[in-house]
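Below: the structure, in structure tokens.
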Amino acid sequence: MSSCAPQTIFLKDYTPAPYKAEHVNLTFMLFEGKSVVKSEVIYVKNSDSNDHDLVLNGQDQTIVCVQLDGASFDGYTIADDKMTISNPAEKFTLAITSEIDPVANTALEGLYQSQGTYCTQCEAEGFRRITYFQDRPDILSTFSVRIEGDQEQCPVMLSNGNLMDSGMLGDSRHYTVWNDPFPKPCYLFALVAGDLVRIADTFTTMSNRKVDLHIYVRAGDEQQCGHAMESLKKSMKWDEEKYGREYQLDLFNIVAVSDFNMGAMENTSLNIFNTKLVLAHQDTATDNDFLSVEGVIGHEYFHNWTGNRVTCRDWFQLSLKEGLTVFRDHEFSSDMNSRDVQRIDDVTHLRRFQFAEDAGPLAHEVQPDSFIEISNFYTMTVYEKGSELIRMQHTLLGEDAYRKATDLYFERYDGHAVTCDDFVQCMADASGRDMGQFFLWYKQAGTPKLSVTSHYNAAKHLYTLTFTQSQDNTVGQTNKQPLLIPISVGLLDIQGNETHPTQTLEMTQAKQIFTFNDVISRPVPSILRSFSAPVKLITDLSDDDLRLLQLHDTDGFNKWEAGQILALRTIERVMVNKDADISGFMDDFGMLIQQGLTRKDNKALLARALSLPNVTDIAQTQVVIDPAAINYARTHILQSIKRTHKAALVMLYEANANTGNFAITPEAMGRRALQGVVLEILTISNGTGCATRSKVHYDNADNMTDRVAALVCLADSTKPERDIVFEDFYERFKDYQLVVDKWFSLQAMANRKEIFDDFSTLRNHAEFNIKNPNRVRSLYSAFAVNNPVKFHDPSGKGYALLRNAIIELNTMNPQIAARLVTPLKEWKRYTPELQALMQAALQTIMDEPQLSNDVFEVVSKSLK
């Protein structure tokens, strides 16, 4: 908590640090009730800086003593969480001993305890909670770390780098000593100490070095680590093959902890993970969980080069590492599984959350110009849109030139802290392209709109596409310049044959015409294939054009996209007129079902094709959002699909029944996904037969994916089977925290009139813990984000639930509190009645005394 008014930090004000930290020597003495930390740092004057005072950040610690070059020193001042030493020598050693209390650290930043295990989270500014230091990413230092602790309480004591020494001390205490020879910023420092079990394996690098791989978990969880270990080895091999990047140390550790604000953290050689992104077994994890574990294990490993070896000069460059690494993990997952399905899922996520961010009061650039609290900029824009910017550069340069550019990037900047500008310049230097216009993507907020009209000249066999790009005003930005937009296009004839394979058009002007020659008959264009740019595409395609693409397009993404647009148009017609004729859409859907019955390939893609856009996705397309009206239209269409195609749906459901041989191959996951989607349609009316079918599905399940599919279908039900199955699920898995999280979430997402009573029961359940981020997300985020109809209940009860949680968490864990504000940010886009209730909830939070910087920034900007 800050005692002064929040201060805005500006990119334009960046200056180099006045002193470099050559080496950091840390000693941790872990005791019950307190930890003593001694930092001994060699500082050297930075010739690039004109400042002469050393300013160190420090928070929530008590100083025991300070020494300068070995002698006691009191020539410092402390104010506003900063220690200042005026005009010290050109080179000196500063030693600071302080006490901290990890047990009382509910913010889960710095050094804290998770169920008795000491662990750290230093990104972005957590290191200042450990010791006084220049807590900024452009200070790169080598680290040596000594940890002392009770051998029974902390038999495992880890830090970054290589283990150099270990041994016994008196009074049943022991020590370990670690050395990381590669300079790193303090946000990558890590420490773990606790009673953990180890799973071990090895990986042989492309230069034939053996690397020891260790995963540490609490006793009892070791049987759920096999998938994570295999994912790590796949990641290491993939990075060698795709980017030529080899791991440099002899040891790589992963530790899973239960209390973690983020998903995972890429600390050099000691990755700390939320348990939900390590533990995976068919009995306790869904297919989506398996995919998430694989993707995030890859993401954190890939940071070893894109974030660690080359890091950020300042936090305005956060997408330098995060956007690039998200692109890398998406490509890794595409290579390991279905590329089309991965792209569909990634774009769905982008549109649902990042497009919404762009359309709201917190829209910001991928390389922002200012912030109040850096924790609030770990956003979809920095991560997901940042990834799309890397993807566009990959598309524009091509595979070979892109690889040449990344090789240049690593060669030029290994061991340095750099900027997004530096990365894009490597793209330009390696390819010979001028990337100046492209860099506008980093500096202009908002989602561009791309409109296209087509014209066919039959006499000349010419086909033209006329594109117009536009960008809405965002906070502080008007009159935006045209962007360089890569638009991948293919052409199909009226029979569905591809006559012109994919080519990438480069749009650089506000309006631009592209001409295709030798087009024998009027084609149907497949535009923005593989979603080649993060834009909102508006076309003049007819329903018949979309039907042809839905059935015949060779691009899997656009094949799916065509069906989603048809579904959206149908839903909007029903929203206007509940008696609208939807027979054409029913026929289209029937053809998709028949494809599923006759074709055995890519069932995961068919599962996506048979899924209508959800309420939140549809809401992003509406000028004024009315969740209840959207849900009515969507449910009406699904019930019509069931009535029209029930016999074929039953056949498709049975054709994809459990084979009894569990596997996590793309084929097996596709089969389960398809059967689950069909089950949702067959049980959409929530009648007695629906409940019976869902319970049978649950009873026959031998894996978590199928069990959760049944629970999803029963969640809204009022039939007795609902309570029977949910009670069985809890009793069966109550010893598995991550599965209990699912139990909370599935009930919080239920669209039924009893939801507020259910929510109160869950909030008061013995298993609910407001201090645990996973549990908070499993209840509050699941409700507010994934239950839009009840969250936006006209009574305002949903908003009140979220408001109260934010206020409670504000002083306890400001990061989590600020992230909970997200569902309220777009309040101006809803109906007037809902707007007033959402605004009132935000204002009540704003009026709360002692509001944290994290929450203040999000709420104040939302209200503006």
Are any side-chain N or O atoms of S387 and backbone N or O atoms of F327, one a donor and one an acceptor, separated by less than 3.5 Å? yes

Worked check of salt bridge (charged side-chain N to carboxylate O under 4.0 Å, His left out) between R343 and D340: CA-CA 5 Å; R343 192 65 183 135; D340 287 337; over 6 Å; no

Nearest heavy-atom pair of D221 and C225: which atoms, and what distance? O-SG, 3.6 Å

What orientation do F557 and F531 show, parallel under 30°, tilted 30 to 60°, or perpendicular over 60°? tilted

Flag, side chain of H330 to backbone of G295, donor-acceptor distance under 3.5 Å: no

Would the distance check show the side chain of N656 and the main-chain N or O of L652 forming a donor-acceptor pair, the cut-off being under 3.5 Å? yes

The complete set of ring pair (Phe, Tyr, Trp, His ring centres under 6.0 Å) pairs with one or both residues in residues 703-740, sequence neighbours excluded, reads F729-F733, Y730-W743, Y730-H765

Please name the pair of heavy atoms, one in I681 and one in L610, separated by the smallest distance, quoted to 0.1 Å. CD1-O, 4.0 Å

Heavy atoms of other groups near M651 CE, more than 12 under 6.0 Å: no

For the atom pair CG (L549) and CH2 (W560), what is the distance rounded to the nearest 0.5 Å? 14.0 Å

With D553 as partner, the option from K559, R547, R529 fulfilling salt bridge (Lys or Arg N to Asp or Glu O under 4.0 Å) is R529

Give a yes-or-no answer on whether the side chains of S333 and E294 include a donor-acceptor pair shorter than 3.5 Å. no

Please, which pairs that meet side-chain hydrogen bond (donor to acceptor under 3.5 Å, both in side chains) have at least one residue in residues 629-641, sequence neighbours excluded? S640-R643

Should we count NZ of K790 as having more than 12 external heavy atoms under 6.0 Å? yes

Measuring centre to centre across the rings, with the benzene-like ring taken for any Trp, is H299 within less than 6.0 Å of F332? no

Any donor-acceptor pair under 3.5 Å linking the side-chain atoms of Y653 with those of H697? yes

Step by step, work out the side-chain hydrogen bond (donor to acceptor under 3.5 Å, both in side chains) result for H394 and E399. CA-CA 6 Å; H394 180 277; E399 179 68 36; 2.7 Å; yes

Are side-chain heavy atoms of S526 and L492 found at a separation under 4.5 Å? yes

Using modelled atom types only, decide if a donor and an acceptor are shared between the side chain of T570 and the backbone of L566 within a distance under 3.5 Å. yes

Of all heavy-atom pairs linking S488 and S532, the shortest is N-OG, 3.0 Å

I'd like to know if the side chain of D358 reaches the main chain of F355, judged simply by a donor and an acceptor atom lying under 3.5 Å from each other, with no hydrogens or angles considered. no

R672 (side chain) donor-acceptor with D287 (main chain) under 3.5 angstrom: no

Is R722 reaching over with its side chain to a backbone N or O of A715, donor-acceptor style, under 3.5 angstrom? yes

Going by the angle between their ring planes, with limits at 30° and 60°, are F783 and F756 parallel, tilted or perpendicular? perpendicular

Write down the atom of S454, the atom of D540, and the distance for their closest heavy-atom approach. N-OD2, 3.0 Å

Apply side-chain hydrogen bond (donor to acceptor under 3.5 Å, both in side chains) to residues R608 and S611 and explain how you reach the verdict. CA-CA 5 Å; R608 271 66 174 179; S611 302; over 6 Å; no

Does either side chain, that of N686 or that of T718, offer a donor lying less than 3.5 Å from an acceptor on the other one? no

Looking only at non-hydrogen atoms, find the nearest pair between R671 and A657 and report the distance. NH1-O, 3.1 Å

Quick one: closest heavy-atom pair of T616 and R352, and the distance? CG2-CG, 3.7 Å

